[in-house]
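Letters A, B, ... are given to chains in the order of the sequence lines, protein chains preceding strands, and every chain is numbered from 1.
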Amino acid sequence: MTKIATWNVNSLRVRLPQVLDWVSSYQPDILALQETKLQDENFPVADIKTAGYEVIYSGQKTYNGVAILCRVSAGINAVDIVKDLPGLEDSQRRVLFATYDKLRVLNVYVPNGESVESDKFQYKLTWLKKLTAYVKQQLKLYPHLVILGDFNIAPEPRDVHDPEAWQGQVLFSEPEHAALKTLLETGLCDTFRLFDQQEKQYSWWDYRMLAFRRNRGLRIDHILASNALGGLCTSCKIDKEPRRRERPSDHAPVIAEFKL
DNA sequence: ATGTCTCAGGGACTGAGA
C-alpha cells in the first residue's frame, strides 16, 4: 500500500512542527508540499531527514515554493527532476516533478489568479495550458502518473460551500472549469470522486470570518491520477485534523492510497 | 464587517499575496 499526500502549508518555516507531527502519525510514502516560502539554502533538510524522509525542493524568497518528501524506508530515489514548467518563462517556483520507481509525481502550486479581472488570472490560464501540454506528453511516458497539489480551482458546485455566491468568482469560474476539464481529458481522474464521500468536504478555508468553524470552504487541493493509476486507488480523504490545531495552515492535507 | 496570516523592509507599521 502506498500513501500519497498533498498539503499547502503556507510557510514551512512556521508549519514545520505541524508537518513533522503529521508525517509521524500518517507516515505517507510521498508528501507534496506547496507554499513553503523558503529559499533553498534555508530548507530544513536535516529536520526532515531526522523524521525519516528524503526531500527535494524548489523555493524562492517570500512566495510560492514546492517540495516532495519520500519516506526513506521506501528505499526509492527521486530521478528525472524538473523544476520549471516546459514552455513557460517563469521565475515563480510552482512546480516540482520527479519519478519514484515507476511512479511519476507532478507537484503543482497553480497560480491563485487573484480575481477574474486581474492580469494574474490570465497568467493562471496560460500556466494551466502549459501544464496540460506537459501532462499530455508525460502520460505517454508514464502509465502511473499522479499530479497533485493546490490547483486553486473548485471543480463542481458540491466542492463549494456557497456555489451561488462563488459562481464566476476566481477559484470557481467558467474559464477555470474549462481549463481543469481540458487537463482531466488528457486522461486523468480526480481520485477524491472515485469514492463515496460525505457532503461538504473542503480542503481550504479562509482564515477570516470564522470560515473553518462554519465550514465555509472550498475543495481546491487535488490528487489526480492517470487512468491506470486511478484503477489502483483504494481511498482518497481530506484530513481536517491539522486545520483544527494551533497555528494551522489555511489548507488541510489530502491523502490517497494506492495498491502499489 | 475583507473580521487572518505570512513575509519583507527596516526598525513601527505598512503593503502584497493569498
Side-chain angles (χ1 to χ4, degrees), chain A residues 6-22 32-44 47 57-67 85 88 90-96 107-128 131 148-155 159-173 175-177 179-180 202-222 238-254:
Chain A
T6 178
W7 195 2
N8 178 324
V9 291
N10 184 18
S11 170
L12 188 56
R13 199 192 304 275
V14 173
R15 227 68 65 198
L16 183 62
Q18 290 92 320
V19 171
L20 295 178
D21 192 51
W22 189 78
L33 301 179
Q34 302 86 36
E35 285 205 85
T36 55
K37 300 187 177 180
L38 287 172
Q39 294 183 102
D40 289 351
E41 55 266 39
N42 300 326
F43 199 91
D47 294 297
Y57 43 91
S58 177
Q60 67 183 90
K61 197 190 263 192
T62 316
Y63 304 120
N64 308 313
V66 281
L85 197 47
L88 194 75
D90 192 2
S91 59
Q92 299 187 28
R93 304 292 81 197
R94 294 180 173 279
V95 302
L96 187 56
N107 179 15
V108 297
Y109 175 45
V110 177
N112 171 285
E114 191 180 37
S115 73
V116 295
E117 299 85 12
S118 168
D119 288 345
K120 290 174 195 155
F121 189 74
Q122 292 310 313
Y123 164 65
K124 180 177 193 174
L125 296 179
T126 302
W127 200 97
L128 287 164
L131 178 68
L148 75 175
D150 179 357
F151 285 74
N152 271 313
I153 303 175
D159 300 313
V160 178
H161 68 89
D162 185 348
E164 287 79 20
W166 278 88
Q167 188 60 54
Q169 302 296 308
V170 73
L171 313 184
F172 194 60
S173 72
E176 291 165 283
H177 289 148
L180 183 60
Y202 310 124
S203 67
W204 169 81
W205 303 258
D206 200 303
Y207 282 123
R208 296 168 290 190
M209 302 172 71
L210 306 172
F212 183 69
R213 227 176 64 184
R214 297 168 166 171
N215 197 27
R216 295 171 66 86
L218 272 64
R219 192 176 69 90
I220 57 175
D221 300 270
H222 307 300
I238 298 164
D239 183 6
K240 282 176 78 170
E241 199 50 43
R243 189 64 174 80
R244 296 191 183 98
R245 302 276 179 91
E246 289 273 299
R247 284 197 99 181
S249 167
D250 44 352
H251 295 253
V254 183

* Structure fact -> Sequence neighbours excluded, the answer for side chain to side chain donor-acceptor pair (under 3.5 Å) partners of A/Q169 is none

* Taking atom P in both B/dA1 and B/dT6, what distance in whole Å separates the two? -> 27 Å

* To do: Take atom P in B/dT14 and the same atom in B/dG3, then report the distance between them in whole Å.
  => 14 Å

* Asked: Any side-chain heavy atom of A/W166 within less than 4.5 Å of one from A/L218?
  -> yes

* **ring-ring contact (aromatic ring centres under 6.0 Å, His included) involving A/F121 - partner list, sequence neighbours excluded** => none

* With A/Q60, which residues qualify under side chain to side chain donor-acceptor pair (under 3.5 Å), at least two apart? -> A/N64

* **nucleotides 5-18 of chain B: protein proximity per nucleotide (B base, S sugar-phosphate only, - neither; heavy atom, under 4.0 Å)** => SSSSS-------SB

* **Partner residues of A/Y109 under the ring-ring contact (aromatic ring centres under 6.0 Å, His included) criterion, sequence neighbours left out** => none

* Separation of the P atoms in B/dA18 and B/dA12, to the nearest angstrom -> 29 Å

* If you measure from the C1' atom in B/dT4 to the same atom in B/dG10, how many Å do you get, rounded? -> 23 Å

* Go through the structure and list residues passing ring-ring contact (aromatic ring centres under 6.0 Å, His included) with A/F172, not counting sequence neighbours. => A/H177

